[in-house]
Novice: 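I have a structure I would like to understand better, so I am pasting it below and will then ask my questions one at a time.
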Amino acid sequence: MKSPIFQQLVKLAYEANTDMEEWLEGAVQGVQFLERTCAAGDEIILFALGPHCLVHSVLVPQAAVNPPDHEDISQAHIRSDDTWCIQKIYGGGEGHRIYLESPLSSSGSQTLAGGEKLIFRRHFEGVKSYHPQLEISQKLVHAHELYFMDERRAYCRLDAHGDIENVITLHDDEHSDPHQRVQAVTIRSCDLEVYMALSETVLVTQFDFTRFLLGNFSSWDGAKEQIQRDRNLFYRWRVIPNHASYANGHLLFYTKLSEDTLVQEWKAEENSKTKQYASFKILDRKNKRQIETSCGPEHIVNYFTESELPLEISPAFFRPEVLQKYKQDIEKYTISDRSISCRGAWDLKSYDINEAGQVHAYIGDLAKLPFEEQLYWKSFNEWPKGNISNRAFQNDILGEVSTEDNPLAEVRRIVALLNREAPAWWCPREDEVIYKVLGCAADSIEEWGNEILAFDQMVNEGFRAKGLRLIIESLGSSYNQKWRSLKLLEVVVVGSEYTEDQAKEMIRPLKELHNLRTLIKAHSSPNKRQLEASKARRTHGTLRDHFQDLAGQVRDSIKQVVLILRQSALKP
């Protein structure tokens with residue numbers, strides 16, 4: 001979707017479909033548009049080129065336009081292909097000279113000579129395959145820590161919530177006729193003003209809006225040129241009724257920010273007294289009570305502070321659904337067995353799931369989350385139905401390595417090791433595939449199905465049929481070309497001096513995992529999914545418990561299978 005500012009620009013750049021007389025006489029509308037965007041817009045145009053408009057903005061030192069010399073600035077010729085160059089000259093009574101020339105040194109304006117060019121379009125004579133691209137000042141891009149995303153056609157960064165935001169956007173209506181094409185570069189006003197404040201510069205925007213009909217224009221005779229002038233705006237304009245009009249000149253944009261105001265904003269952000277904190281129901285282990293309290297620094301204390309206030313490591317408990325938001329967006333969030341992070345924004349140092357199926361986190365860690373994130377967790381907060389998990393108690397309270405069985409973590413380690421070894425019978429799994437498998441938190445069919453699918457992708461899709469066939473051949477066994485990896489694994493196990501029953505039992509958990517994936521997530525009907533879920537609940541109580549049991553069986557199976565495959569591969 002094109003941004004509103006670009007949509008308005010396109011209307012100014014093209015001939016109108018209706019009210020042609022008004023359009024022909026209305027070149028000044030372009031100037032008014034630029035004034036509005038500078039005065040109150042979210043974005044500011046740095047560059048625009050279309051059939052009936054040209055806009056190019058540069059930065060100049062504040063001292064150079066205090067006051068502005070409009071006559072001097074109006075003499076400037078800012079070309080998109082002006083850039084830094086190594087200049088070589090001789091003559092004029094002097095010898096040969098070589099020096100570095102800045103982009104605006106030959107603009108024709110003393111005011112702009114010491115300025116900073118922001119947009120470049122370079123040409124390379126003789127390089128026929130190169131199509132000039134709009135390039136952005138690397139100083140501007142680096143200062144704001146931006147990176148280019150081609151799918152967004154923008155220089156972006158992560159905001160305080162971990163979401164991607166466009167800061168500098170390249171617009172293009174991609175018209176089939178290159179002479180009718182409209183291109184533009186815009187920047188978020190707030191980011192440009194910060195840069196201007198710290199570089200002590202003013203934005204000078206040169207513009208030219210000219211309207212006439214091709215094949216129906218003779219000259220500008222018949223109307224006197226007018227001049228509009230005030231401190232921040234200067235342009236010449238002319239209107240030939242029902243025939244043509246133009247408005248060309250420059251606009252100066254000053255930021256109201258300064259280094260001092262930016263420092264004050266920074267201090268306000270860091271001031272804990274103005275920061276908001278949510279309240280949570282917690283288990284106050286120190287005082288052996290359940291209370292609801294704010295997670296702010298005035299309401300909790302660390303272990304070394306003598307106080308009746310709850311400790312920072314007092315746990316708050318949550319419904320397991322709190323994790324779904326993070327599990328469903330693995331591009332934005334990184335979630336492991338014990339921690340959650342949001343790209344470039346925040347980290348939840350520790351969480352876990354207790355025997356009652358509740359997610360728990362320490363109130364001191366919750367306090368470090370953005371307020372909006374705290375409110376999200378608060379919406380799932382409930383009184384404890386048990387204590388923290390044994391693993392959390394051993395890790396976080398006793399400072400010991402957990403002795404709790406964690407089959408899923410073992411499977412991940414085996415897969416990671418196979419990735420490093422890269423045997424011929426294994427297709428390395430990407431990290432995203434490995435860490436997507438987290439186990440079930442809630443008794444949810446949707447989550448259960450997603451975890452089964454991810455688990456199968458991590459384990460069963462890793463076995464490579466071609467490599468397994470080579471091992472079978474080396475063992476002197478036979479196979480059917482239509483057999484897939486799980487059946488081929490059975491053949492390998494039998495060829496390694498196990499009985500068929502032993503082989504089937506060894507591979508059974510892997511087949512059960514794959515069959516569940518087919519029934520739950522592939523092309524099965526909702527009734528079949530519900531039937532499988534009911535069966536799992538009858539046997540194990542909850543879908544979470546079923547998944548944990550299946551993970552243990554898969555762990556035992558893959559450990560045996562991998563050992564046999566390694567041994568078989570070593571046989572002559």
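What you see is a predicted model; the values in this text were computed from it and never measured.
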Novice: Would you say the side-chain atoms of Gln553 pair up with the backbone N or O of Pro509, donor to acceptor, closer than 3.5 Å?
Specialist: no
Novice: Locate the shortest heavy-atom distance separating Arg338 from Ala392; write the atom from each residue and the value.
Specialist: NH2-CB, 3.8 Å
Novice: Set out, in order, the CA-CA distance, both residues' side-chain angles and the distance that settles side-chain contact (heavy atoms from CB on, under 4.5 Å) for Ile187 and Ile45, then state yes or no.
Specialist: CA-CA 7 Å; Ile187 184 171; Ile45 297 174; over 6 Å; no
Novice: Using a cut-off of 6.0 Å, state whether more than 12 heavy atoms not belonging to Lys11 lie near its atom NZ.
Specialist: no
Novice: Is it true that Arg391 and Asp352 make a salt bridge, defined as a side-chain N closer than 4.0 Å to a carboxylate O?
Specialist: yes
Novice: I'd like to know if the side chain of Thr274 and the backbone of Ala268 have a donor-acceptor N/O pair within less than 3.5 Å.
Specialist: yes
Novice: List the steps, then state whether side chain to side chain donor-acceptor pair (under 3.5 Å) holds for Ser294 with Ser279.
Specialist: CA-CA 4 Å; Ser294 167; Ser279 295; 4.7 Å; no
Novice: Examine distances only and state if a side-chain atom of Lys511 and a backbone atom of Leu486 form a donor-acceptor pair shorter than 3.5 Å.
Specialist: no
Novice: To the nearest 0.5 angstrom, please state how far the CG atom of Asn395 sits from the OG atom of Ser389.
Specialist: 8.0 Å
Novice: Between Lys281 and Glu292, is the closest basic N to carboxylate O distance under 4.0 Å?
Specialist: no
Novice: Supply the atom-to-atom distance Leu488 CG to Arg484 CZ, rounded to the nearest 0.5 angstrom.
Specialist: 11.0 Å
Novice: Do Asp456 and Leu513 make a side-chain contact, defined as non-hydrogen atoms from C-beta onward lying under 4.5 Å apart?
Specialist: yes
Novice: Anything under 30° is parallel, anything over 60° is perpendicular, the rest tilted; go ahead and classify His546 against Trp448.
Specialist: perpendicular
Novice: Is Asn515 atom CG crowded by more than 12 heavy atoms from other residues, nucleotides or ligands, each under 6.0 Å away?
Specialist: yes
Novice: Closer than 3.5 angstrom, by distance alone: can the side chain of His175 be matched with the main-chain N or O of Asp177 as a donor-acceptor pair?
Specialist: yes
Novice: Between Arg544 and Glu451, does at least one N-O distance fall below 4.0 Å, as a salt bridge requires?
Specialist: no
Novice: Work out which heavy atom in Ile363 is nearest to a heavy atom in Leu311; give both atom names and the distance.
Specialist: CG2-O, 3.7 Å
Novice: Any idea how His171 and Phe6 line up, ring-wise: parallel (<30°), tilted (30 to 60°), or perpendicular (>60°)?
Specialist: parallel
Novice: Any salt bridge linking Arg343 with Asp159? Criterion: basic side-chain nitrogen under 4.0 Å from a carboxylate oxygen.
Specialist: no
Novice: Salt bridge check: are Arg537 and Asp443 linked by an N-O gap of less than 4.0 Å?
Specialist: yes
Novice: To check you understand the geometry: which heavy-atom pair defines the closest contact between Ser350 and Asp365, and what is its length?
Specialist: N-OD2, 3.7 Å
Novice: Do the non-hydrogen side-chain atoms of Asn419 and Arg429 ever get within less than 4.5 Å of each other?
Specialist: yes
Novice: Would you check if the distance from the ring center of Tyr333 to the ring center of Tyr326 is below 6.0 Å?
Specialist: yes
Novice: Would you mind checking if Arg566 and Glu421 are paired as a salt bridge, meaning a charged N to carboxylate O distance below 4.0 Å?
Specialist: yes
Novice: CH2/Trp483 to CD/Gln481 distance, rounded to the nearest 0.5 angstrom?
Specialist: 11.0 Å
Novice: Ignoring hydrogens, what is the shortest heavy-atom contact between Ala367 and Cys295? Give both atom names and the distance.
Specialist: CB-O, 3.1 Å
Novice: Tell me whether Glu355 is salt-bridged to Lys385, with the criterion being a basic N under 4.0 Å from an acidic carboxylate O.
Specialist: no
Novice: Quick check on Tyr14: does its OH atom have over 12 non-hydrogen neighbours (other residues, nucleotides or ligands) under 6.0 Å away?
Specialist: yes
Novice: Identify the two heavy atoms, one from Val411 and one from Ala551, that lie closest to each other, and give their separation to 0.1 Å.
Specialist: CG2-O, 4.3 Å
Novice: Answer yes or no: is there a side-chain heavy-atom contact under 4.5 Å between His299 and Pro297?
Specialist: no
Novice: Could you check whether Phe317 and Trp383 have their ring centres less than 6.0 Å apart?
Specialist: no
Novice: Check this for me, if you would: do Glu382 and Arg319 make a salt bridge, where the nitrogen-to-carboxylate-oxygen distance has to be below 4.0 angstrom?
Specialist: no
Novice: Between Arg412 and Asp431, is there a salt bridge with N-O shorter than 4.0 Å?
Specialist: no
Novice: With a 4.5 Å limit on heavy-atom distance, are the side chains of Leu565 and Leu468 in contact?
Specialist: yes
Novice: Do any N or O atoms from the side chain of Thr518 and from the backbone of His514 form a donor-acceptor pair under 3.5 angstrom?
Specialist: yes
Novice: Taking atom OH of Tyr435 as the centre, report whether more than 12 heavy atoms of other residues, nucleotides or ligands fall under 6.0 Å from it.
Specialist: no
Novice: When you compare the side chain of Ile282 with that of Pro310, does any pair of heavy atoms fall below 4.5 Å?
Specialist: yes
Novice: Do Ser379 side-chain atoms and Tyr376 backbone N/O form a donor-acceptor pair below 3.5 Å?
Specialist: yes
Novice: Taking everything shown except Glu151 itself, do over 12 heavy atoms lie less than 6.0 Å from its CD?
Specialist: yes
Novice: Flag the pair Tyr147 / Val141 as yes when at least one side-chain heavy-atom distance between them is below 4.5 Å, and no otherwise.
Specialist: no
Novice: Which value, rounded to the nearest 0.5 Å, describes the distance between His540 atom NE2 and Lys535 atom NZ?
Specialist: 10.5 Å
Novice: Taking all non-hydrogen atoms of both residues into account, name the closest pair between Ser314 and Leu283 and its distance.
Specialist: CB-O, 3.5 Å
Novice: Any side-chain heavy atom of Glu461 sitting closer than 4.5 Å to one from Arg517?
Specialist: yes
Novice: Please walk me through it: do Tyr479 and Glu473 pass side chain to side chain donor-acceptor pair (under 3.5 Å)?
Specialist: CA-CA 9 Å; Tyr479 58 85; Glu473 291 170 1; 2.6 Å; yes
Novice: Is a donor on one side and an acceptor on the other found under 3.5 Å between the side chain of Thr305 and the backbone of Ser307?
Specialist: no
Novice: With a 3.5 Å distance limit and no angle check, can you tell me whether Glu165 reaches the backbone of Leu158 through a side-chain donor-acceptor pair?
Specialist: no
Novice: What distance separates Tyr277 OH from Leu369 CG, expressed to the nearest 0.5 Å?
Specialist: 11.0 Å
Novice: State whether Lys487 and Glu490 are salt-bridged, where the test is any N-O pair (Lys NZ or Arg NE/NH1/NH2 against Asp/Glu carboxylate O) under 4.0 Å.
Specialist: yes
Novice: Is the CD atom of Glu404 crowded by more than 12 outside heavy atoms at less than 6.0 Å?
Specialist: yes
Novice: Are there over 12 heavy-atom neighbours, none belonging to Glu400, within less than 6.0 Å of that residue's CD?
Specialist: yes
Novice: Run the salt-bridge test on Arg289 and Asp284 with the 4.0 Å N-O cut-off and return the result as yes or no.
Specialist: yes
Novice: What's the separation between atom CZ in Arg469 and atom OG in Ser478, rounded to the nearest 0.5 Å?
Specialist: 13.0 Å
Novice: Going by an N to O cut-off under 4.0 Å, is there a salt bridge joining Arg181 and Asp173?
Specialist: no
Novice: State whether the number of non-hydrogen atoms from other residues, nucleotides or ligands found under 6.0 Å of Lys349 atom NZ is greater than 12.
Specialist: no
Novice: Could you please spell out the steps behind the side chain to side chain donor-acceptor pair (under 3.5 Å) verdict for Tyr155 and Asn166?
Specialist: CA-CA 6 Å; Tyr155 289 86; Asn166 295 2; over 6 Å; no
Novice: Looking only at atom types and distance, does a side-chain atom of Glu43 sit under 3.5 Å from a main-chain N or O of Thr37, one as donor and one as acceptor?
Specialist: no
Novice: Could you tell me whether Glu512 and Arg508 have a side-chain N and a carboxylate O separated by less than 4.0 Å?
Specialist: yes
Novice: If we ignore hydrogens and angles and just use 3.5 Å, is the side chain of Thr169 paired with the main-chain N or O of Ala154 as donor and acceptor?
Specialist: no
Novice: Would you say Ile340 and Trp346 make side-chain contact, with heavy atoms under 4.5 Å?
Specialist: yes
Novice: Verify the ring-centre separation between Phe455 and Phe547: is it less than 6.0 angstrom?
Specialist: yes
